[in-house]
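First listed ligand is number 1; within each ligand, the first listed atom is number 1. All values reported here derive from a predicted model rather than from experimental measurement. Residues: numbered from 1 along the sequence shown.
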Amino acid sequence: MEKRELTCIGCPLGCALTVTLEGNQVQQVEGNSCRRGEAYGRKECTHPTRIVTSTVAVKGGSIARVSVKTKTDISKDKIFSCMKALKGIEVQAPVHIGDVILSNVAGTQTDIVATKNVF
Ligand code: SF4
(Lines give C-alpha, C1' and ligand atoms only; values in the text may rest on other atoms or scores of the structure.)
Protein backbone atom coordinates (compact mmCIF):
# COMPACT_ATOMS: atom_id res chain seq x y z
CA MET A 1 0.00 0.00 0.00
CA GLU A 2 1.19 3.49 -0.85
CA LYS A 3 -0.21 6.69 0.61
CA ARG A 4 0.03 10.01 -1.23
CA GLU A 5 -0.64 13.37 0.35
CA LEU A 6 -2.24 15.95 -1.97
CA THR A 7 -3.91 19.31 -1.67
CA CYS A 8 -7.22 19.46 -3.50
CA ILE A 9 -7.33 22.30 -6.07
CA GLY A 10 -11.09 22.04 -6.60
CA CYS A 11 -11.84 25.20 -4.58
CA PRO A 12 -10.08 27.70 -2.29
CA LEU A 13 -10.63 25.49 0.78
CA GLY A 14 -7.67 23.34 -0.33
CA CYS A 15 -8.54 20.18 1.61
CA ALA A 16 -5.58 17.96 2.50
CA LEU A 17 -6.19 14.62 0.80
CA THR A 18 -4.66 11.25 1.55
CA VAL A 19 -4.91 8.82 -1.34
CA THR A 20 -4.26 5.14 -0.69
CA LEU A 21 -3.02 3.15 -3.69
CA GLU A 22 -2.48 -0.53 -4.28
CA GLY A 23 -0.22 -0.60 -7.33
CA ASN A 24 -1.92 1.79 -9.78
CA GLN A 25 -5.36 1.30 -8.25
CA VAL A 26 -6.81 3.91 -5.92
CA GLN A 27 -8.25 2.18 -2.87
CA GLN A 28 -9.38 5.16 -0.86
CA VAL A 29 -9.42 8.96 -0.79
CA GLU A 30 -9.63 10.61 2.64
CA GLY A 31 -9.71 14.21 3.84
CA ASN A 32 -12.02 15.51 1.11
CA SER A 33 -15.00 17.62 2.11
CA CYS A 34 -16.97 16.89 -1.05
CA ARG A 35 -17.16 14.49 -3.98
CA ARG A 36 -15.10 16.74 -6.24
CA GLY A 37 -12.18 16.16 -3.89
CA GLU A 38 -12.48 12.42 -4.20
CA ALA A 39 -12.63 12.67 -8.00
CA TYR A 40 -9.59 14.96 -8.00
CA GLY A 41 -7.60 12.62 -5.74
CA ARG A 42 -8.37 9.62 -7.94
CA LYS A 43 -7.56 11.41 -11.18
CA GLU A 44 -4.41 13.08 -9.87
CA CYS A 45 -2.97 9.69 -8.92
CA THR A 46 -3.98 7.84 -12.08
CA HIS A 47 -4.27 10.34 -14.96
CA PRO A 48 -3.22 13.86 -13.87
CA THR A 49 -4.34 16.67 -16.17
CA ARG A 50 -4.02 20.46 -16.25
CA ILE A 51 -5.35 23.48 -18.11
CA VAL A 52 -2.31 25.14 -19.71
CA THR A 53 -2.14 28.93 -19.92
CA SER A 54 0.35 31.03 -21.85
CA THR A 55 0.58 33.97 -24.27
CA VAL A 56 1.30 34.29 -27.99
CA ALA A 57 2.49 37.25 -30.05
CA VAL A 58 -0.02 39.49 -31.85
CA LYS A 59 0.81 41.31 -35.08
CA GLY A 60 -0.78 44.72 -35.65
CA GLY A 61 -2.68 44.79 -32.36
CA SER A 62 -3.00 47.36 -29.56
CA ILE A 63 -0.86 45.08 -27.35
CA ALA A 64 2.02 42.78 -28.24
CA ARG A 65 0.73 39.51 -26.79
CA VAL A 66 -2.58 37.80 -26.15
CA SER A 67 -3.30 35.38 -23.31
CA VAL A 68 -4.31 31.87 -24.36
CA LYS A 69 -5.24 28.57 -22.73
CA THR A 70 -6.10 25.01 -23.60
CA LYS A 71 -9.84 24.66 -24.14
CA THR A 72 -9.90 21.65 -21.83
CA ASP A 73 -7.39 20.11 -19.45
CA ILE A 74 -4.66 18.00 -21.03
CA SER A 75 -2.53 15.17 -19.75
CA LYS A 76 0.21 16.53 -17.49
CA ASP A 77 2.88 14.76 -19.53
CA LYS A 78 1.86 16.79 -22.62
CA ILE A 79 2.44 20.21 -21.02
CA PHE A 80 6.01 20.55 -22.32
CA SER A 81 4.99 19.59 -25.89
CA CYS A 82 2.12 22.04 -25.68
CA MET A 83 4.39 24.92 -24.62
CA LYS A 84 6.86 23.98 -27.35
CA ALA A 85 4.09 24.07 -29.96
CA LEU A 86 3.17 27.60 -28.86
CA LYS A 87 6.70 28.91 -29.22
CA GLY A 88 7.04 31.31 -32.14
CA ILE A 89 3.31 31.49 -32.90
CA GLU A 90 2.12 34.90 -34.03
CA VAL A 91 -1.50 35.80 -34.79
CA GLN A 92 -2.91 38.75 -36.67
CA ALA A 93 -5.12 41.27 -34.83
CA PRO A 94 -8.01 41.45 -34.21
CA VAL A 95 -8.20 38.49 -31.84
CA HIS A 96 -11.42 37.65 -30.01
CA ILE A 97 -11.97 35.68 -26.82
CA GLY A 98 -12.53 32.05 -27.81
CA ASP A 99 -10.75 32.30 -31.18
CA VAL A 100 -8.88 29.07 -31.91
CA ILE A 101 -5.19 29.91 -32.03
CA LEU A 102 -3.92 26.35 -32.55
CA SER A 103 -5.98 23.20 -33.18
CA ASN A 104 -5.23 19.84 -31.63
CA VAL A 105 -2.18 21.16 -29.81
CA ALA A 106 0.55 18.52 -29.47
CA GLY A 107 -1.91 15.82 -30.53
CA THR A 108 -4.03 16.31 -27.41
CA GLN A 109 -7.36 16.71 -29.29
CA THR A 110 -7.60 20.07 -27.53
CA ASP A 111 -7.41 23.53 -29.06
CA ILE A 112 -5.55 26.57 -27.80
CA VAL A 113 -8.00 29.47 -27.54
CA ALA A 114 -7.61 33.18 -26.86
CA THR A 115 -8.75 34.42 -23.45
CA LYS A 116 -8.59 38.13 -24.28
CA ASN A 117 -9.77 40.49 -27.02
CA VAL A 118 -7.02 42.32 -28.85
CA PHE A 119 -7.93 44.94 -31.47
S1 SF4 B 1 -12.53 18.48 -1.42
FE2 SF4 B 1 -14.23 19.79 -2.05
S3 SF4 B 1 -14.31 21.36 -0.47
FE4 SF4 B 1 -12.28 20.41 -0.30
S5 SF4 B 1 -10.91 21.69 -1.60
FE6 SF4 B 1 -11.69 19.99 -2.86
S7 SF4 B 1 -13.46 20.86 -3.92
FE8 SF4 B 1 -13.03 22.17 -2.15
Looking at G10, which atoms of ligand 1 are within less than 4.0 Å of one of its heavy atoms? 7 (S)
What residue and atom, counting heavy atoms only, is the protein's closest point to atom 7 (S) of ligand 1, and at what distance? C34 SG, 3.5 Å
Closer than 4.0 angstrom, basic N to acidic O: yes or no for E44 and R42? no
Hydrogens and angles aside, do T72 and T110 bring a side-chain donor and acceptor to less than 3.5 Å of each other? yes
Heavy-atom nearest neighbour in the protein, as seen from atom 8 (Fe) of ligand 1, with distance rounded to 0.1 Å: C11 SG, 2.3 Å
May I ask you to list the atoms of ligand 1 that are less than 4.0 angstrom from any heavy atom of G14? 5 (S)
Can you find a side-chain donor-acceptor pair between T18 and E5 that sits under 3.5 Å? yes
To the nearest 0.5 Å, how far apart are CG in D73 and CD1 in I79? 10.0 Å
re atom 4 (Fe) of ligand 1, the protein heavy-atom contact at minimum distance is C15 SG, 2.3 Å
Checking side-chain polar atoms at under 3.5 Å, does K76 have a donor or acceptor matched by the opposite partner on T49? no
Quick one: look up the protein heavy atom nearest atom 6 (Fe) of ligand 1 and list residue, atom name and how far away it is. C8 SG, 2.3 Å
